[in-house]
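Following: one structure in structure tokens, then a few remarks.
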Amino acid sequence: MTIAGKGVEGGDAISVLNPATGAPFASAPDCSTDQLNEAVASARAAFPAWRAKPDSERGQVLKTAAGVIAANADELMRLLTSEQGKPHDEARFEVMGAAYWLSSMADMAIPVEVNEDTAERRSETRHVPIGVVAGISPWNFPVLLSFWKIAPALRAGNTMILKPSPFTPLTMLRIGELLRDVIPAGVLNIISGGDALGPMVTAHPGIDKVSFTGSTATGKRVMASAAVDLKRVTLELGGNDAAIILPDVDVDAVAKDLFWAAFRNSAQICIATKRMYVHEAIYDRLSRAIADYAESVKMGDGSEQGTQLGPVQNKQQYARVIDIIDDCKSSGYRFLTGGDVPTDKPGYFIPVTIIDNPPENSRVVQEEAFGPILPLLRFNDIDDVIAKANASEYGLAGSVWSADTDAALSIAARMETGTVWINEVQHLSPFQAFAGHKQSGLGVENGLGGLLEYTMPQTITVKPAKAG
Ligand code: NAD
């Protein structure tokens with residue numbers, strides 16, 4: 001771990017598995033209560049000097065850190081594939097994304113709002129750092145989603161404790177090691193541990209804000225724990241994103257994009273398309289084209305050349321997706337492709353599985369499977385399909401596909417989600433707000449709004465002193 005700028009062994013250790021083999025290949029430190037206290041104390045001690053640095057100096061540190069990550073991308077890519085399972089190209093893209101987020105946030109200005117500027121008074125609102133921020137990240141994008149928190153938190157002048165998922169701690173621990181000479185001691189502490197560590201972090205009285213990405217169920221626990229001393233929270237949670245495909249699309253041109261919208265990262269993306277509503281006029285052709293393309297995609301060990309999809313990341317997730325596949329089988333739904341999970345191979349491999357028009361109230365439509373299974377759903381009425389897309393406790397993102405931009409925009413305006421993409425999905429940027437509506441989250445990441453989540457407003461008024 002990296003605590004107070006030094007390398008620290010854990011009191012105990014947790015085992016890390018390679019999901020392509022299901023076998024342990026490394027161990028990671030299990031942070032003790034004393035070590036967590038030490039990390040929080042070092043972040044607290046580093047805060048005054050870090051916040052006092054001019055923006056440009058903090059920005060320069062972030063840019064140097066970005067350079068170190070990019071320079072070590074090959075090693076980090078291999079490590080990320082071994083613990084997460086994703087193909088090397090995707091792992092490299094994720095690592096380079098972290099570097100890009102750091103360097104982009106480094107230059108983002110934090111505005112000062114002038115509320116009044118008169119002879120009587122000047123009033124302005126500044127945005128000051130909060131203090132010690134804890135970042136808690138999931139296993140699907142362990143590096144990028146950690147840097148969605150680290151980049152704005154540090155840019156705004158906070159210090160941090162970052163805790164990656166126990167399933168995927170290694171790449172972030174290694175990045176902590178690489179950045180020890182770049183980021184001042186205590187400003188970024190990276191710790192790891194088992195299931196007990198997350199609740200210890202959210203309950204710690206020395207932490208001022210928790211920025212969490214993970215499941216909705218855990219997000220509620222984080223918020224309840226943070227409520228005890230009114231820690232600030234940002235929550236990025238689950239989703240059940242709908243894609244609505246209008247009859248005027250070019251079926252052959254969009255089939256591949258729609259496949260990847262659902263299955264990239266073996267469908268372990270919060271903003272993966274998880275329900276695909278296809279107009280009945282093109283349903284048969286498009287469903288066949290997507291299923292045909294699916295059969296051409298190579299699934300395997302992410303470290304092997306040519307692999308396009310890796311395994312599911314962990315055993316619990318694997319069991320959950322198989323349970324949904326079994327439910328589809330026992331309910332008699334038709335499989336357009338997939339459904340037969342190999343039992344003679346090591347690793348958590350689940351073939352791409354596409355279900356043909358299951359009922360709206362089926363588990364495969366209603367639940368976030370977070371694995372390679374997708375329902376295709378036939379529709380013929382726009383109002384009805386928008387109502388179905390919105391009939392979810394989630395409100396993360398969605399997409400509309402059409403040659404008619406105005407028609408797509410008018411559907412987008414009626415969708416109850418934080419992001420709507422038209423003719424694409426998953427376009428994300430450090431300059432673009434990303435927020436979950438309903439039970440998909442609280443607050444916002446990225447863009448100026450995301451940066452300001454790591455600040456508190458402070459209004460200062462100045463009245464000229466009375467002459468004596
Ligand atoms: P998870 O909720 O199980 O775990 C996320 C993190 O929280 C891990 O680091 C875990 O150790 C920690 N944790 C677990 N229990 C905790 C507790 N009681 N207190 C504090 N921390 C605790 O999520 P996961 O399975 O790692 O990730 C998958 C989920 O994350 C999916 O639902 C997915 O949609 C969601 N997700 C959301 C976004 C987004 O930006 N909205 C992005 C990626 C993933």
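Values reported hereafter were calculated over all heavy atoms of this structure, with side chains retained and with hydrogens, waters and symmetry mates removed. Counting starts at 1 for both ligands and their atoms, following the listed order.
No hydrogens or angles considered: nothing links the side chains of T419 and W421 as a donor-acceptor pair under 3.5 Å.
Of the polar atoms of K274, none of the N or O atoms is found under 3.5 Å from an N or O of ligand 1, judged by distance alone. In terms of polar-atom proximity, defined here as any N/O pair under 3.5 Å, L237 does make such a contact with ligand 1. Residue R221 places no N or O, backbone or side chain, under 3.5 Å from any N or O of ligand 1. Residue S215 has at least one N or O atom closer than 3.5 Å to an N or O atom of ligand 1. Distances between N or O atoms of S440 and those of ligand 1 include no value under 3.5 Å. At a 3.5 angstrom cut-off on N or O pairs, E368 counts as close to ligand 1.
Looking only at heavy atoms of the protein, atom 42 (C) of ligand 1 is closest to C270 SG, 2.9 Å. Looking from atom 7 (O) of ligand 1 to the surrounding protein, the closest heavy atom is F212 CE1, 3.1 Å. Nearest protein heavy-atom contact of atom 26 (O) of ligand 1 is W139 CD1, 3.0 Å. Summary of contacts: the protein heavy atom closest to atom 40 (O) of ligand 1 is E236 CB, 3.2 Å. At the shortest separation from atom 28 (C) of ligand 1 among protein heavy atoms lies F370 CE2, 3.6 Å. For atom 3 (O) of ligand 1, the nearest protein heavy atom (residue, atom name, distance) is T218 OG1, 3.9 Å.
The atoms of ligand 1 that sit less than 4.0 Å from any heavy atom of F434 are 40 (O). Here is the list of ligand 1 atoms found below 4.0 Å of a heavy atom in L396: 41 (N). Heavy-atom proximity to G238, at under 4.0 Å, picks out these atoms of ligand 1: 32 (O), 34 (O). Numbered from 1 in the order shown, with element, the atoms of ligand 1 that lie under 4.0 Å from a heavy atom of T202 read 20 (C).
Relative to atom 19 (N) of ligand 1, the option among A435, P199, S146 with the closest non-hydrogen atom is P199. In this comparison of T213, N446, L428, V222, the heavy atom closest to atom 5 (C) of ligand 1 sits on T213. Closest heavy-atom approach to atom 8 (C) of ligand 1 within the set S137, G214, G219, P142: this belongs to S137.
Atoms CD1 and NZ, on I324 and K329 in that order, are 13.5 Å from each other to the nearest 0.5 Å.
A donor-acceptor distance shorter than 3.5 angstrom exists from the side chain of N189 to the backbone of G186, with no hydrogens or angles considered.
In this structure, P166 counts as a contact residue of ligand 1, since one of its heavy atoms falls inside 4.0 Å of the ligand.
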